[in-house]
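Here is the structure we will look at, set down as C-alpha cells.
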Amino acid sequence: MDDSLDFVEASKITLNGSLDLECGKTLKTVELVYETYGSLNSDASNAILICHALSGNHHAAGKYKGDKRPGWWDSLIGPGKAIDTNKFFVVCPNNIGGCHGSIGPSSINSETGDYFGPDFPIITVKDWVRSQAMLSDCMGIDRWHAVVGGSLGGMQALEWSRLFPKRIKKAGIIAAAPKLSAQNIAFNEVARQAIVNDPDFNEGRYLDKNTSPKQGLKLARMVGHITYLSEEAMRSKFGRELREEKLNFGFDAEFEIESYLRYQGDVFSENFDANTYLIMTKVLDYFDPASECNGELADAFKSIEAQILVVSFSTDWRFSPERSKEIVNALIEAKKNVSYLEINSPHGHDSFLFNEQDYVKGLASFLKN
Amino acid sequence: MDTIEVIKNWIDKESQVLDLGCGDGNILNILTKELGVTALGVEINQENLNECINLGLNVIQQNIDEGLSNFSNKSFDVVIMSQTIQVLKEPKQALLEVTRIGKESIVTIPNFGHWATRLNLLLSGRMPVTGALPNNWYDTENIHLCTIKDFEVLCSECGIDILEKRFFNGSGKEKGLTQIVPNAFAATAIYKISK
C-alpha cells in the first residue's frame with residue numbers, strides 16, 4: 001500500500017466551446033489544467049474523476065520532480081491504494097475559478113488583456129461539473145467508472161450523479177453535506193471579510209496594483225483551518241503546549257497552536273489567490289440541490305442512476321455525520337443505490353485526507369466492483 | 001428446507017428488501033442473485049459493512065437501537081430481521097418498526113425454550129451455555145432472548161399478525177418433535193408477520 005507514483009506532470013487543455021455559467025455569464029474560452037495517473041483502457045471504462053475541495057488543486061497524487069511532498073490525496077491515490085492506479089485511469093482537474101493554472105481570477109481576460117480579478121464570474125458546483133463533462137468529452141471518456149471527492153469535492157460528485165446520470169457509474173461522496181448550514185456560511189463570511197478588508201485587497205484589483213492581501217488571506221485560512229480539525233485532534237497535537245516554557249505576558253505566538261495556525265496561514269497566503277478564495281467560499285454557500293425542488297432533497301435526487309457511497313467521520317464538525325445522513329436518507333427515500341459508512345477517526349473534517357483503514361478499505365471495495 | 005430456503009420462498013422476485021442487521025450480507029446476496037431483489041442492508045459492524053460493499057450490496061451503517069425513523073412507512077415489500085432482535089435494547093420497539101417499514105416482515109429468532117437450554121439451566125443452575133448460545137451471560141450479545149411462546153405473545157400484544165411460521169431443530173431441519181412441540185424442540189423459529 002506504500003507504493004507511490006513516479007514523478008507526475010500537469011497538462012493543460014483548452015476545452016471545445018464556451019461555457020455558459022449559472023450566473024448568466026459566459027466563459028468564451030475555458031482552459032483547464034489537470035493531472036492523470038494510470039492508463040485509460042481500450043474501451044475507456046476505467047476512468048475515475050477526482051474533484052478537489054476548497055483549497056485543493058489538480059495535484060492530487062505523486063510528486064513533481066524535486067518536490068518532497070506529494071499531492072493532497074496521495075494517501076488514497078496510487079498503485080495498490082484505495083484508488084488504484086494499476087487498475088484505474090485517474091483524472092484530477094483544477095476547477096475553473098482556481099489559481100493553479102485553470103482559468104480563474106488571476107488569469108488574463110483575453111477580451112481586455114487585463115487580469116480578471118474581481119470581474120471573474122461567481123462559479124457554482126454545477127458550472128464545475130459542466131466544465132468537467134467538457135473535459136471528459138475532450139479525453140474521450142463517455143462514462144466515468146467513478147467520480148470521487150471529499151468535502152466540496154463530494155458535492156461535485158453528488159452533482160455529477162444528478163446532472164449526468166448516464167455518464168457516471170459510481171459516486172464517492174466523502175465528508176460532504178447537501179448544503180451549508182448557517183454556521184458554515186458564517187465561517188465563510190468571516191473569511192471573506194478578512195480578505196476584502198485587507199488594505200492591500202484594493203477591491204480585488206491587487207494584481208493590477210501590485211499588492212497582495214496576504215494578511216486577509218492568512219486570517220481566512222486560519223479561521224478555515226480551525227474548522228477542519230477536531231477539538232480532539234487539536235488537543236492531542238498541541239494541547240496548551242508553549243513554544244518557550246513560560247508565559248511571556250505578551251501577544252506574540254506563545255502557544256504552539258497559535259504558531260501552527262500563523263504558519264499555516266502564512267504558507268497558504270503565499271500560494272493562493274484571494275479572489276479565488278472568495279469564489280470558492282461562494283461556491284460552497286450556493287450549493288443546495290434541494291432548493292431546485294422546493295426543499296425536497298429526495299426529489300432533487302430523482303435523476304440519479306449511479307451507485308453511491310457516502311462516507312462521514314465521527315469527529316467532523318464542519319460537515320458532521322448528521323449532514324451526510326441527510327444525503328443518505330434522501331437517497332433511500334428516492335430508492336437509489338446507496339451505501340453509507342460512518343468512520344471513527346480523530347482528525348475532524350480533514351479525516352478524508354488520511355489513510356484511515358476502514359475508510360480506505362470501504363472505498364477500495366466500492367470502487368472495485 | 002433450511003431457513004434461507006424458507007425466506008426465499010416467502011419473498012417475491014424483484015421485491016424491495018431491507019435486511020436489518022444484515023451481517024456479512026449473506027442473505028441479501030442470495031436474494032439478489034437468485035430473486036433479483038433490490039436489496040438494502042443495515043449493519044453496525046465495520047468488517048461486516050466492508051464485506052457487504054465487497055459483494056456489491058447497498059448497506060447503511062446505522063445502529064438499529066438508535067431508531068429507524070429514516071425509513072418511511074411501508075417503504076419496503078419485505079423487511080428481514082434475522083437473528084438480530086435478541087441483541088437489541090428495545091426489541092418490542094424494533095418489532096413495531098419492522099412491521100411499520102415493511103409491507104411484510106420476516107423475523108428469525110433463537111428459541112430460548114429449546115429443551116437443551118431448559119435442561120442446561122435445570123441441571124447446572126447457571127445461565128445456559130449451549131451450541132446455539134455459546135457465550136457466558138456476561139459476555140453475550142444476546143440481551144433479550146425469548147421463547148417461541150414469548151415471541152408469539154408479544155406479536156399478539158402489538159397487534160401484529162403472524163402470517164406464517166416455521167420451526168427448525170439445531171441442525172436446521174424441520175423434523176419430528178420440532179414440528180409437534182416447537183417451544184421445547186425448535187432451536188430456531190422463523191416468522192412472516194405484518195401489521
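Chain naming here is simple, since letters A, B, ... match the order of the sequence lines and numbering starts at 1 in each.
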Measure distances from [X] to the heavy atoms of chain B and classify the residue's part below 4.5 Å as side chain, backbone, both or neither.
X	value
A:I332	side chain
A:V328	side chain
A:I308	neither
A:K325	neither

Check the side chains of [Y] and [X] for a donor-acceptor pair under 3.5 angstrom, ignoring hydrogens and angles.
X	Y	answer
B:Y191	B:S105	no
A:S181	A:N184	yes
A:W144	A:S136	yes

Self-check item: Best-contacting candidate, A:N329, A:V338, A:L309, against chain B by heavy atom pairs under 4.5 angstrom
Solution: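 Result: the option with the highest number of such pairs is A:V338.
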
Exercise. With a 4.5 Å cut-off on heavy-atom pairs, point out which of A:A330, A:G362, A:S339 contacts chain B the most.
Key: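 That would be A:S339.
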
Side chains of residues 37-50 of chain B: which donor-acceptor pairs under 3.5 Å do they make with residues two or more places apart or in other chains?
residue: B:E43; atom: OE1; partner: B:C22; partner atom: N; Å: 3.4
residue: B:E43; atom: OE1; partner: B:G23; partner atom: N; Å: 2.8
residue: B:E43; atom: OE2; partner: B:N45; partner atom: N; Å: 3.1
residue: B:E43; atom: OE2; partner: B:N48; partner atom: ND2; Å: 3.3
residue: B:N45; atom: OD1; partner: B:E47; partner atom: N; Å: 2.9
residue: B:N45; atom: OD1; partner: B:N48; partner atom: N; Å: 2.9
residue: B:Q46; atom: OE1; partner: B:Q61; partner atom: NE2; Å: 3.4
residue: B:N50; atom: OD1; partner: A:S365; partner atom: OG; Å: 3.1

Quiz item: Of all the residues in residues 169-179 of chain B, which have a heavy atom that comes within less than 4.5 Å of a heavy atom in chain A?
Solution: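 Listed by number, there are no contacting residues, so the answer is none.
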
Exercise. Could you tell me whether A:D285 and A:K179 have a side-chain N and a carboxylate O separated by less than 4.0 Å?
Key: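 Judged by the 4.0 Å cut-off on N to carboxylate O distance, A:D285 and A:K179 do not form a salt bridge.
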
Quiz item: Is B:K165 paired with B:E152 through a side-chain N to carboxylate O contact shorter than 4.0 Å?
Solution: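 Yes.
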
Quiz prompt | Step-by-step ring-ring contact (aromatic ring centres under 6.0 Å, His included) determination, A:H145 to A:F88 | solution = CA-CA 9 Å; A:H145 174 73; A:F88 299 115; 5.0 Å; yes

Quiz prompt | Pairwise distance NE2(B:H144) to CG(B:D150) - rounded to 0.5 angstrom | solution =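 Reported value, rounded in 0.5 Å steps: 12.0 Å.
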
Quiz item: Under the ring-ring contact (aromatic ring centres under 6.0 Å, His included) criterion, do A:F313 and A:H349 qualify, and how do the steps go?
Solution: CA-CA 7 Å; A:F313 299 95; A:H349 186 58; 8.6 Å; no

